[in-house]
Protein chains: 2
Amino acid sequence: MASSKSYRAPVLADVAKAAGVSVPTVSRVLNGTKNVAPDLVARVNAAVKELGYRPNSAARSLRLSQSNLISIIAEATTSSYGYANTLRGIETAAQQAGMSISITILSSDEDEAVARAVDLALSQPIGGAIVLEFRAAGMKVARALPESLPVVAAGGASRPPGGPVAALIDEAAGGRQVTEYLLRQGHRTVHHIEGPTGGKVSGRTEGWRAALQDAGAEVPPVMNSEWDAVSGYRWGERIAGRDDVTAVFCGNDEIALGVMRALADRGIDVPGDVSIAGFDGQPLVSLWRPSLTTVEQDFEDLGARAFNLLSQRLQGKTDLKSSVVKPQLVVRESTAPPRA
Amino acid sequence: MASSKSYRAPVLADVAKAAGVSVPTVSRVLNGTKNVAPDLVARVNAAVKELGYRPNSAARSLRLSQSNLISIIAEATTSSYGYANTLRGIETAAQQAGMSISITILSSDEDEAVARAVDLALSQPIGGAIVLEFRAAGMKVARALPESLPVVAAGGASRPPGGPVAALIDEAAGGRQVTEYLLRQGHRTVHHIEGPTGGKVSGRTEGWRAALQDAGAEVPPVMNSEWDAVSGYRWGERIAGRDDVTAVFCGNDEIALGVMRALADRGIDVPGDVSIAGFDGQPLVSLWRPSLTTVEQDFEDLGARAFNLLSQRLQGKTDLKSSVVKPQLVVRESTAPPRA
DNA sequence: CTGTTAGCGCATTCAC
DNA sequence: GTGAATGCGCTAACAG
């Protein structure tokens with residue numbers, strides 16, 4: 001293989017010379033244009049393989065002013081689960097389509113950070129972008145991107161109209177499912193610990209509230225937490241002292257685990273004294289004791305849908321509808337009817 | 001802003017015209033070349049801002065035959081923790097250096113999958129690559145990449161000489177630490193559940209074995225598992241029946257959690273009857289009951305080091321030494337002296 | 001200090 | 001069918 005001292009990657013001209021044809025002919029063969037004599041095709045292909053030729057994508061992008069690189073712009077998340085899996089979903093779908101992905105992480109939702117991230121993303125020859133938005137700030141990014149760039153959003157937030165097309169998780173449905181389930185178990189009401197929503201109303205919270213209202217149950221004040229388990233633990237400590245709380249729907253699995261640990265440390269039984277439910281469906285929560293009832297989300301599917309949407313936009317389709325993934329309630333040991 | 005019907009991104013010529021100078025002058029201003037009259041600099045900068053000019057990176061890459069895009073090639077992992085955090089470490093470091101990352105996931109370690117992944121990575125104008133190798137197959141990728149491309153490896157595996165420079169986690173030290181600690185607690189020996197190693201000997205296993213041998217302790221047969229918790233659970237079921245097992249060092253946290261759950265389901269007390277230790281240091285394991293003793297690894301640091309190594313190679317430095325991250329034992333509730 | 005010229009690798013006109 | 005010429009946007013060399 002390549003082992004000469006100063007190695008220069010072969011270009012079309014090298015292939016053309018090796019095959020004894022002209023540069024355009026090689027180009028035609030490589031791009032599948034018809035009207036090339038079969039024997040020339042064979043000679044060109046042989047030369048390509050012989051030299052290990054690879055098209056120079058910079059030149060290609062320049063010439064065609066299009067690219068098979070798409071950018072993913074994502075908020076930094078402490079919880080890696082949803083993020084990593086959505087990414088995997090996008091990457092897998094992109095790979096099948098022969099496209100590459102680049103990723104840019106947003107360090108915060110401040111304007112300056114947004115601008116820097118957008119600059120960086122745009123510093124590559126990208127054909128489109130996917131904005132990953134599980135928390136806030138995604139809209140800011142979408143707005144900062146040039147209008148000429150195809151953009152798709154992916155995430156759980158309920159979206160105001162007018163934004164880019166999106167692949168969404170129907171979080172409201174998930175919040176409703178788990179709340180209705182807990183009410184059905186006989187709880188008078190369900191408390192809710194919410195993660196930081198960045199000003200917007202979380203779909204999880206919407207669904208929870210709607211379910212309570214529909215059932216005529218009291219809607220207790222929302223408890224505000226960070227997304228991590230330590231914050232959940234702190235809420236667990238507070239809940240431990242209250243006997244009006246019999247069921248808690250937590251904004252994500254980490255919070256739920258933190259709450260459960262705090263309750264356990266204080267000798268409060270889950271689900272005997274309090275039922276706890278999470279949101280996300282991280283694989284590990286099924287091993288917990290008690291294993292966690294939670295709302296599972298198929299993040300890989302979400303990622304795949306986002307890519308497919310973008311892919312269609314890239315092909316010029318314009319009347320795209322947002323794609324919605326339904327989360328699914330998984331009942332485990334951490335929830336039960338209230339103590340009689 | 002841009003809202004005309006057919007929008008064409010401004011190019012240098014547009015800026016030049018707007019500023020009333022020539023194209024190269026604009027280029028000089030943008031690239032910080034000295035020897036440009038201050039008033040021209042000002043006019044150019046104004047025009048740039050006015051038009052919202054962004055350099056076309058495809059043209060730039062083509063002209064300079066270099067790129068500020070680097071590719072990360074990673075094996076698909078079920079556990080997202082180490083992967084996601086290493087990625088974040090790389091991305092953060094890259095972002096500070098003004099570079100972008102693209103990522104390609106290896107679907108398997110078969111030759112064909114490797115070739116496809118390499119092709120895809122190389123289909124972008126990348127300046128270098130980082131191969132993420134926590135399991136096997138990384139060397140295959142490194143070999144398939146052109147020799148002219150700067151490559152750095154990152155991961156935990158002990159590396160045969162001759163490969164690319166690498167940022168490494170000293171897994172052997174971690175395995176040794178945890179094993180020595182358990183022996184010090186009074187265990188006669190320490191059992192070990194190993195993940196799939198893809199033919200190589202895991203550093204974790206090496207360190208474990210060395211520690212036992214140094215202490216003159218018996219070296220029990222290694223138990224082979226997958227990396228996931230369910231596989232761990234199965235080993236837990238088997239261990240539950242054995243009273244010669246008093247301490248188990250698991251290849252990762254997932255396995256450890258699986259083992260603990262299996263033991264708990266059978267009424268076996270951890271750490272009273274058996275001590276369990278993990279490897280990785282996922283944040284959630286501190287919330288477990290009992291909380292898990294484990295070997296923490298700083299994956300973000302690993303990623304940052306890998307990028308820095310690559311960055312230096314990109315700047316032409318050639319005598320680079322691999323960089324080693326020391327993992328750290330964190331003792332929690334899941335380990336204790338054996339029952340007397 | 002500034003503008004003119006040239007060419008990176010490729011795909012696409014256009015002649016033949 | 002095929003080859004010769006052109007230009008995508010940019011920067012490095014050259015002249016002035």
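Numbered from 1 within each chain, the chains take letters A, B, ... in sequence-line order. Side chains are part of it too, since the values below use all heavy atoms of this structure and drop only hydrogens, waters and symmetry mates.
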Options D/dG3, C/dC10, D/dT2, nucleotide nearest the side-chain atoms of A/V11
C/dC10
Give the rounded distance in Å between these two atoms: CD of A/Q66 and P of D/dG9.
14 Å
Does A/S323 reach the main-chain N or O of A/R305 with its side chain, forming a donor-acceptor pair under 3.5 Å?
no
C/dT4, D/dC8, D/dG9: which one has an atom nearest the side-chain heavy atoms of B/P24?
C/dT4
Side chain of A/L64, heavy atoms from C-beta onward: which of D/dT2, D/dC10, C/dA11 has the nearest atom to it?
C/dA11
Counting just side-chain N and O atoms, does B/T25 come under 4.0 Å of either OP1 or OP2 of C/dG3?
yes
In this structure, how many angstroms lie between the C1' atom of C/dA11 and the CG atom of A/N56, rounded?
13 Å
Base, sugar-phosphate or nothing for A/S65? Non-hydrogen atoms, less than 4.0 Å.
nothing
Polar side-chain atom of B/S322 near backbone of B/A166 as donor-acceptor pair, under 3.5 Å
yes
Nucleotide nearest B/V21 when distance is taken to its side chain, options C/dG3, C/dG9, D/dG9
C/dG3
Rounding to an integer number of Å, can you tell me how far A/R63 CZ sits from C/dT13 C1'?
8 Å
Quick one, B/S22 and B/T25 - any side-chain contact, counting heavy atoms below 4.5 Å?
yes
Between D/dC10, C/dT12, D/dG1, which nucleotide has the shortest distance from any of its atoms to the side chain of B/R60?
D/dC10
Quick check: does any side chain N or O of A/D301 sit under 3.5 Å from a backbone N or O of A/D298, one acting as donor and the other as acceptor?
no
Separation of D/dG1 atom P from A/N35 atom CG, nearest Å, is 6 Å
For A/Q124 and D/dC10, what is the distance between atoms CD and P respectively, to the nearest whole Å?
15 Å
Interatomic distance, A/N31 CG vs C/dC10 P [rounded to whole Å]
10 Å
Taking the nucleotide of DNA chain D with the nearest heavy atom to each, does A/G20 or B/P10 sit closer to the 5' end?
A/G20
Of the candidates D/dG3, D/dT2, C/dC10, the side chain of A/L12 sits closest to C/dC10
For a quick check of understanding: with a heavy-atom distance under 4.0 Å over all strands, which category does B/V23 fall into, base, sugar-phosphate or nothing?
base
Check whether the side chain of A/R54 and the base of C/dG9 form a donor-acceptor pair under 3.5 Å.
no
Using heavy atoms to find the nearest nucleotide of DNA chain C for B/L62 and B/A37 separately, return the residue whose nucleotide is more 5′.
B/A37
Would you say the base of C/dG3 and the side-chain of B/R28 have a donor-acceptor pair closer than 3.5 Å?
yes
Kindly point out which of D/dT2, C/dA11, C/dT2 is positioned nearest to the side chain of A/L40?
D/dT2
What do you reckon, are the aromatic ring centroids of B/Y81 and A/Y81 less than 6.0 Å apart?
no
